[in-house]
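The next block holds one structure in the form of structure tokens; read it before the comments.
Residue numbering restarts at 1 for every chain, and letters A, B, ... go by the order of the sequence lines.
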Protein chains: 4
Amino acid sequence: MLSFENDYSCGATPEILDRLAATNSTQFPGYGSDDICEQAKAKIREACGAPDADVWFLVGGTQTNQTVIDSITPQYAGVVAATSGHVNVHEAGAIEATGHKVLTLPAHNGKIDADELDRYCATFYADGNYEHMVFPSSVYVSQATEYGTLYTKDELERIAEVAHKYDMPLFVDGARLGYALTATGNDVTLADLARIADVFYIGGTKVGALFGEAVVFTHHGEFSGTPRHFLTLIKQHGALLAKGWLLGLQFDTLFTDGLYLRIARHANETADRIRAVLREKGYTLTFDAPTNQIFITLDDATRTRLEAGVRLGFMEQADADHVVMRICTSWSTTEAQVEELLALL
Amino acid sequence: MLSFENDYSCGATPEILDRLAATNSTQFPGYGSDDICEQAKAKIREACGAPDADVWFLVGGTQTNQTVIDSITPQYAGVVAATSGHVNVHEAGAIEATGHKVLTLPAHNGKIDADELDRYCATFYADGNYEHMVFPSSVYVSQATEYGTLYTKDELERIAEVAHKYDMPLFVDGARLGYALTATGNDVTLADLARIADVFYIGGTKVGALFGEAVVFTHHGEFSGTPRHFLTLIKQHGALLAKGWLLGLQFDTLFTDGLYLRIARHANETADRIRAVLREKGYTLTFDAPTNQIFITLDDATRTRLEAGVRLGFMEQADADHVVMRICTSWSTTEAQVEELLALL
Amino acid sequence: MLSFENDYSCGATPEILDRLAATNSTQFPGYGSDDICEQAKAKIREACGAPDADVWFLVGGTQTNQTVIDSITPQYAGVVAATSGHVNVHEAGAIEATGHKVLTLPAHNGKIDADELDRYCATFYADGNYEHMVFPSSVYVSQATEYGTLYTKDELERIAEVAHKYDMPLFVDGARLGYALTATGNDVTLADLARIADVFYIGGTKVGALFGEAVVFTHHGEFSGTPRHFLTLIKQHGALLAKGWLLGLQFDTLFTDGLYLRIARHANETADRIRAVLREKGYTLTFDAPTNQIFITLDDATRTRLEAGVRLGFMEQADADHVVMRICTSWSTTEAQVEELLALL
Amino acid sequence: MLSFENDYSCGATPEILDRLAATNSTQFPGYGSDDICEQAKAKIREACGAPDADVWFLVGGTQTNQTVIDSITPQYAGVVAATSGHVNVHEAGAIEATGHKVLTLPAHNGKIDADELDRYCATFYADGNYEHMVFPSSVYVSQATEYGTLYTKDELERIAEVAHKYDMPLFVDGARLGYALTATGNDVTLADLARIADVFYIGGTKVGALFGEAVVFTHHGEFSGTPRHFLTLIKQHGALLAKGWLLGLQFDTLFTDGLYLRIARHANETADRIRAVLREKGYTLTFDAPTNQIFITLDDATRTRLEAGVRLGFMEQADADHVVMRICTSWSTTEAQVEELLALL
């Protein structure tokens, strides 16, 4: 059946499969200590305009969030995130499993607000009992957010500024970073991110790879570079892939000739076409978001009608008679799939 | 200086000091395996009307919350609490340090609502992604709450009913249980609690003891009795007192001749007198609460004036010009202290 | 350069790459809820002669050990393993990171002894202070071991018997299970393992897959079936692959037409050839082991000479002048590579 | 019945009970922020000859070991201890519960050896796979040890030297420090300890207090001072006593007029008398130890005979017919008790 359920329902870009086939008999050293990984890291540093950044490859998003947050957040402290943040909602308590509380701020279309972050911290440190409370000691945001929305460069800079004011590194979950970088209206480049964030990752799983997330530790100010013995921390969190070159190879491919951005842009353009039709036909878009995720509020009858022909993602019950559903395009969405969906709408 | 800052600012009831002196040279076996502990447990079981309950002694409240919640909550799961719950706010992340998320419900004067708990769980299990989320698997409430308010018997029964419907034990934090049991209007007895809750504790630290909390695991339905190897779990959490008889001795004393309730009632009566004067003089009581904690909303000038003569507890900034302060009586509050406070008001 | 460094230096069996290419555009539901995973699980159950076993797919070995052990070991308890066990030595503390102590028994060529396990537990429970100690509550063995040796069926049955006597599930790390099942002299079949162990896994990473380990929870006696909400536990440990069908597809391929055993047998036969030459030429084999790992004790000069031509694995310093090195064959070792190595020897 | 079972079977020195009675009605601020705590800390600093040391009060030994080790050991790392170390054997996995492996060295009469520590670390860092292993990152020793033996100043200095060479702070468990400081032949003073160790504690529970351990963070070299937000870490570990002045008051008493050393010396002298008789009568002393713990190896008949008249501590089965038992004196041992014991022997 036709599916717009999520952006990780297909394998990988053909270029990656070709590279896998071509290198299948080559013998590589393990755990990412191979040349392809080095080459991929160099390309990512170049794409980030950050020649001194440290790049690490992990397998999946929750794993990456868990390993990074546990590594950058002191043991007496928690990480600040939007109530809607993936780490707060959909990671089965992976952050708490490593001992850290997720401290939540209100989500505004999936985004936290720098002023609210500032007030949160100011209130915290003004509290006579703050030593009995969980220190806010790192900040987590998603770009694009879980609702497909984007932070502007100005918003991210403000958040970073407040974060640093209170001695917190800023961590950007980029599981869908490709779709953010190439969305209409986006003004945050990879180089901006490398300049603003202390650590972020470039999602592969949802943007053309079989799996893989590239973590970038940047070098500025207090939170400069990679936490000590990060390889050991990756291993300890069960996140070190034996055949590490598989990760390097995928990212090397994605960061050759602009492939990563090209396939991401395709997903956004496809989503834009669908959004235009949805608006034209009077559907209610739940969020005004420019990336590959489209959230629509449907009455039950319409939901039933659509789900007869296409798999969509169920988000939540909006009220007694309405639900929020997600239409998700991806790098692999085909023209035929779009036509079939538009016909259904 | 005069202090109504909290209810743990003095030593212990004289009866306890006398017992300490009388037994000081007696040799006891360690870790609570002594006769006084057994005798104290028997008295607590009797006071609870629960002849088959298991009683354990720990040193402090956060320690008890951490040890109990970690023991009754499966590792894949979290504990539900009010946003204002002590475990959520003032325990420095002790719950998360053991791997469990605190899942919050709105606090209504410090209390959670059974219907909201029901909806929370219903929504959770209706979510297609609930296996990626933190299961609500135990429920924490405080009696009296952190705001001095009380659950009625009916409210507790409803919460227990919903908790059990969703396979969750109900845990009652009774750090201030004495003040709850003896408050005007309270309709929840120790026996009720032992019948309704799956596990609760009787606070000593704030009600007449130097330190100590008596945990009671009750026996009904699915969550019957003490978690396996609970003594080892206490030890593992660093909560096993070497000279365990000190705990037994204190609770034995408190549960002899009704001492526990008598000294708690004194604190409530004292608070009632102060409340009456506050109302008479037009002070704003922040919460309508019948126990030993009185919260008042003060303008800055009044705060300054009062704090010149008495130490109060600072709770939070209410708005730009007002704060919420706490006046706390206790088992040890003297007539002279009350007079001095009333004069200041 | 020629490499016999480890058994995870190449991609995957060509059959797997073909399947990846053939299904690359197919849309699958996420997280292993797809049909290929179901089909692979059915084939594994069949191969195990265990129609009611539960099968789960994870990405890597340390991750699997961490997730399984944390799930089957009570929170007050530890896991028993050989001092040389992977979980004790080479997982960067992944077990302890989840709160469990690794309790060690002597390693006899990598293996624990059932009688020693029995004595360990008997001594434990005879100790008056055992409630202050870490309970032995699960048993971990590797088949093949980290030294390439094998447990006999009788040995495993004895260990299981002792484990069950003391209320411990037996967990078998099968990262190299293929090489065990097909070794000369092995008498433990997959069906034996499913009958003897409470949970084990079938390693893919080291036996023909790009990555992947198939965990099998068997159904007998007290430790029947999968721990509750294991999918959530996998997610919480950061071990849930978004594109779960990639795991199913690989194991489906490996368990079609006996591929898994066939490629494993190849590695063993290759190792046997090398072993014969080593013996012939007077090399010292550190362990008498029949699987794909060959450990040799070399003087420094010989080491230097060999390492000029081939990458070997360094194990440990044997004494001031000797080292233990590992020659590792695998499913992917070619005739040409063997010839080249033999020439070097 | 007469008991020489342990050194924590009685209440407290009378001076402490008197102070408790005298201050019982005084109102103190909570959590150790009172003047008596400050005064006690000043006296401890003075006794240590360490005017810039940081002093903290916790309730019990396991709790202190857990909180300190978790605070000084990086999350990727473990703590090195003797196999016989309390943290390795008798704390129910409290260290592992916070995520850290206990890395063991052989115990020589309860002590580790500096050269073995050196070799352990050298071997660790020489291993090509050390990034996959648990880093040794702090060192734990007990003074006196669990077997009543003592490190000499020279031994401690050598251990500290090796520890610092490998970037590890040295932590000394002083649960029985009083008995070490006053033992015949001891050459390590409090000032020596403050100069050599990075952090240590002065045990109160076993030396005259109802409960309490005073942690001293010293200031030298790399590991200077208290870990950041240590009060919050204490709270998070459930180890912060509400009525903190009870700890200050006890240590203030113990460190007034040499009381701590005086009562500890009494226990040692008593033990010396018992040791002399034991030797005279041909008993087998298991260890040659000068402090308040006497270990004797008994045949079963003698054990039965003795235990008819006195409670002793059971340590372990020595062989089929012999056990190791402990005779423990303490600050509270009376002349009458000694006489009664000697008559029994």
Side-chain angles (χ1 to χ4, degrees), chain B residues 29-33 37 54 56 66-79 94-101 103 121 124-125 127-138 166-168 222-223 226-244, chain C residues 29-33 37 54 56 66-79 94-101 103 121 124-125 127-138 166-168 222-223 226-244:
Chain B
Y31 305 110
S33 62
C37 280
D54 302 322
W56 302 84
Q66 183 185 53
T67 305
V68 170
I69 288 173
D70 192 26
S71 303
I72 64 172
T73 311
Q75 65 184 125
Y76 55 78
V79 57
I95 304 305
E96 292 82 4
T98 64
H100 302 287
K101 193 179 186 74
L103 304 162
C121 295
F124 177 86
Y125 286 105
D127 191 312
N129 287 318
Y130 76 87
E131 286 186 304
H132 292 214
M133 295 159 65
V134 179
F135 283 72
S137 296
S138 59
Y166 293 103
D167 200 22
M168 304 184 287
E222 183 178 0
F223 306 104
T226 303
R228 208 167 172 220
H229 295 309
F230 191 63
L231 185 78
T232 303
L233 287 168
I234 294 175
K235 179 78 178 171
Q236 190 190 63
H237 287 79
L240 189 61
L241 192 67
K243 303 188 179 179
Chain C
Y31 305 110
S33 61
C37 280
D54 302 322
W56 302 84
Q66 183 185 54
T67 305
V68 170
I69 289 173
D70 191 27
S71 303
I72 65 172
T73 311
Q75 64 184 125
Y76 55 79
V79 58
I95 304 305
E96 291 84 2
T98 64
H100 301 289
K101 192 178 188 74
L103 303 163
C121 295
F124 178 86
Y125 287 105
D127 192 310
N129 288 317
Y130 75 88
E131 286 187 302
H132 292 215
M133 295 160 65
V134 179
F135 283 72
S137 296
S138 58
Y166 293 103
D167 199 23
M168 304 184 286
E222 184 179 359
F223 307 103
T226 304
R228 205 165 176 222
H229 294 309
F230 191 63
L231 185 78
T232 303
L233 286 168
I234 295 174
K235 179 77 180 171
Q236 190 190 64
H237 287 79
L240 188 62
L241 192 67
K243 302 186 179 179

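- Contacts between B/Gln236 and chain C at a heavy-atom distance below 4.5 Å involve the side chain alone, from C-beta outward.
- In terms of the salt bridge (Lys or Arg N to Asp or Glu O under 4.0 Å) criterion, residue partners of B/Lys101 (sequence neighbours excluded) are, by chain and number, A/Glu96.
- Atom NZ in C/Lys235 sits 11.5 Å away from atom CD in B/Glu131 (nearest 0.5 Å).
- Between B/His132 and C/Leu240 the shortest side-chain heavy-atom distance falls below 4.5 Å.
- Contact detail for B/Phe135 and C/Thr232: the closest heavy-atom pair is CE1-OG1, 3.3 Å.
- Residues of residues 66-74 of chain C lying under 4.5 angstrom from chain B, judged on non-hydrogen atoms, are C/Asp70, C/Ser71 by number.
- With a 4.5 angstrom heavy-atom cutoff, B/Phe230 does not touch chain C via any of its atoms.
- Most heavy-atom pairs under 4.5 Å with chain B, from the set C/Tyr31, C/Tyr76, C/Tyr130: that is C/Tyr76.
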